[in-house]
Undergrad: 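Got a structure for you, questions after.
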Amino acid sequence: MPTVTIVRVSVPSWDQVVREAAREKVTLRRSRLHGARGLWVPAQRTIWVDSRLPDHHAAPTLAHELIHARRGDGECASDATVERMIDQRVARRWISRAAYARLEHEYGGDVWMIADSLDVPVWVVQAYRRVLEREQCEPHGAGSS
C-alpha cells in the first residue's frame, strides 16, 4: 500500500475548546459517563465529558456540547435532527475538504482508516460524510449552513 502524506490542518485542540467554554462561563467536568460521550447540564452551566476519551477525541465532543449551550438547549435529549446538525457543524470544523478527499480516495472510503489518519473519532468522519451528502443534494449555488 502506498504511503499517504497528510498535511494537517489546524484543528482546535482540547485546550482551545476548554478556553472557549471558559469564555462562555461554562464549567467543564470530566468523569466516566455511561452511555454518552458528553452531556450539557444547563441548570449548572456545566458540560460533562467522558474521562475515558483522549483529549483529541474529547475536544470535538466538548465542541458539540458547547453548541448545545450556545443554542440554549435544555437538559432533555435533543431530537436526532438537531444532534446530526450539531455533529455536522463540528465535523466541518475538524475536517478539511482536501484532506478528506485524499483519504477517501486512498482508503476506498474506509471510515475507520480515515478517522485514524485524521486523528478524529469515527463519528466526526461519519458526520462529515453527511455534510458532503447534503451538499450534493442542494441546488447549485445554495451553499451550506
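Note that this is a predicted model, so its numbers are computed, not measured. Sequence positions, counted from 1, serve as the residue numbers for this chain.
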Undergrad: Could you give me the CA-CA distance, side-chain angles and deciding distance for D55 and R30, then say whether salt bridge (charged side-chain N to carboxylate O under 4.0 Å, His left out) is met?
TA: CA-CA 11 Å; D55 287 354; R30 290 196 75 172; 2.8 Å; yes
Undergrad: Taking T81 for its side chain and D79 for its backbone only, find out whether a donor-acceptor pair lies under 3.5 Å.
TA: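 It does not hold such a pair.
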Undergrad: Among R37, R89, E83, find the residue that satisfies the side-chain hydrogen bond (donor to acceptor under 3.5 Å, both in side chains) test when tested with H64.
TA: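 So, applying the side-chain hydrogen bond (donor to acceptor under 3.5 Å, both in side chains) to H64 and each of R37, R89, E83, only E83 qualifies.
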Undergrad: How about L118 and L103: do any of their side-chain heavy atoms sit closer than 4.5 Å?
TA: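 The answer is yes, as the side chains (C-beta and beyond) meet within the 4.5 Å cut-off.
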Undergrad: Could you state whether L66 and V41 fall into the same hydrophobic cluster, counting links through intermediate Ile, Leu, Val, Met, Phe, Trp or Tyr residues with side-chain heavy atoms under 4.5 angstrom apart?
TA: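 L66 and V41: separate clusters.
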Undergrad: Quick check for you: to the nearest 0.5 Å, what is the distance between R29 atom CZ and S51 atom OG?
TA: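 These two atoms lie 13.5 Å from each other.
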Undergrad: Do Y107 and V124 share a hydrophobic cluster (ILVMFWY, side-chain heavy atoms under 4.5 Å, transitive)?
TA: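 In one cluster: yes.
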Undergrad: Mind running side-chain contact (heavy atoms from CB on, under 4.5 Å) on V90 and W123 for me, showing each step along the way?
TA: CA-CA 10 Å; V90 170; W123 68 265; 3.9 Å; yes
Undergrad: Under 4.5 Å between side-chain heavy atoms, hopping through other hydrophobics if needed: is there a path connecting W94 to V125?
TA: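 Yes, one cluster joins them.
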Undergrad: Indicate, with yes or no, if L39 and W14 share a hydrophobic cluster defined by side-chain heavy-atom contacts under 4.5 Å among Ile, Leu, Val, Met, Phe, Trp and Tyr.
TA: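 Unlinked, W14 and L39 end up in two clusters.
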Undergrad: Could you tell me whether the side chain of E65 reaches within less than 4.5 Å of the side chain of V26, counting heavy atoms only?
TA: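 A side-chain contact under 4.5 Å is absent here.
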Undergrad: When the ring planes of Y128 and Y100 are compared, do they come out parallel, tilted or perpendicular, using 30° and 60° as the limits?
TA: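 Tilted: the ring planes of Y128 and Y100 meet at 30° to 60°.
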Undergrad: Using every non-hydrogen atom in the two residues, find where R45 and K25 come nearest and quote the distance to one decimal.
TA: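 Minimum heavy-atom contact is NE-O, 3.4 Å.
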Undergrad: Evaluate side-chain contact (heavy atoms from CB on, under 4.5 Å) for V49 paired with L28, printing each intermediate quantity in order.
TA: CA-CA 8 Å; V49 175; L28 172 63; 3.8 Å; yes
Undergrad: If we only count heavy atoms from C-beta on, is the Q88 to Q126 side-chain gap below 4.5 Å?
TA: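 Not touching, per the 4.5 Å side-chain cut-off.
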Undergrad: Rounded to the nearest 0.5 Å, how far does CZ of R23 lie from CZ of R19?
TA: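 CZ of R23 is found 7.5 Å from CZ of R19.
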Undergrad: Nearest 0.5 angstrom please: L132 CG to C137 SG, how far?
TA: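 SG of C137 is found 11.0 Å from CG of L132.
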Undergrad: If every non-hydrogen atom of D73 is compared with every non-hydrogen atom of P42, which pair is closest and at what distance?
TA: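 So the minimum-distance heavy-atom pair works out to O-CG, 3.8 Å.
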Undergrad: Kindly compute the distance separating CD (E133) from CD (Q136), expressed to the nearest 0.5 Å.
TA: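 E133 CD to Q136 CD: 7.0 Å, rounded to 0.5 Å.
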Undergrad: Determine whether a donor-acceptor pair (N or O, by modelled atom type, separation under 3.5 Å) exists between the side chain of R92 and the backbone of D87.
TA: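 No, because the side chain of R92 does not come within donor-acceptor range (under 3.5 Å) of the backbone of D87.
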Undergrad: Between the side chains of R97 and E135, is the shortest nitrogen-to-carboxylate-oxygen separation below 4.0 Å, so that they form an ion pair?
TA: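 Yes, this pair counts.
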Undergrad: Looking at every non-hydrogen atom in both residues, tell me the closest pair between Q16 and P12 and how far apart they are.
TA: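 Of all heavy-atom pairs spanning Q16 and P12, the closest is OE1-CA, 3.0 Å.
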Undergrad: Stepwise, does the salt bridge (charged side-chain N to carboxylate O under 4.0 Å, His left out) test hold for E20 with R93?
TA: CA-CA 14 Å; E20 286 178 32; R93 190 171 173 196; 2.3 Å; yes
Undergrad: Report yes or no: do I86 and L33 belong to one cluster of Ile/Leu/Val/Met/Phe/Trp/Tyr joined by side chain heavy-atom distances under 4.5 Å?
TA: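 Different clusters.
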Undergrad: Between R129 and E104, does the salt bridge (charged side-chain N to carboxylate O under 4.0 Å, His left out) criterion hold? Intermediate values first, please.
TA: CA-CA 10 Å; R129 284 182 167 178; E104 174 78 21; 3.4 Å; yes
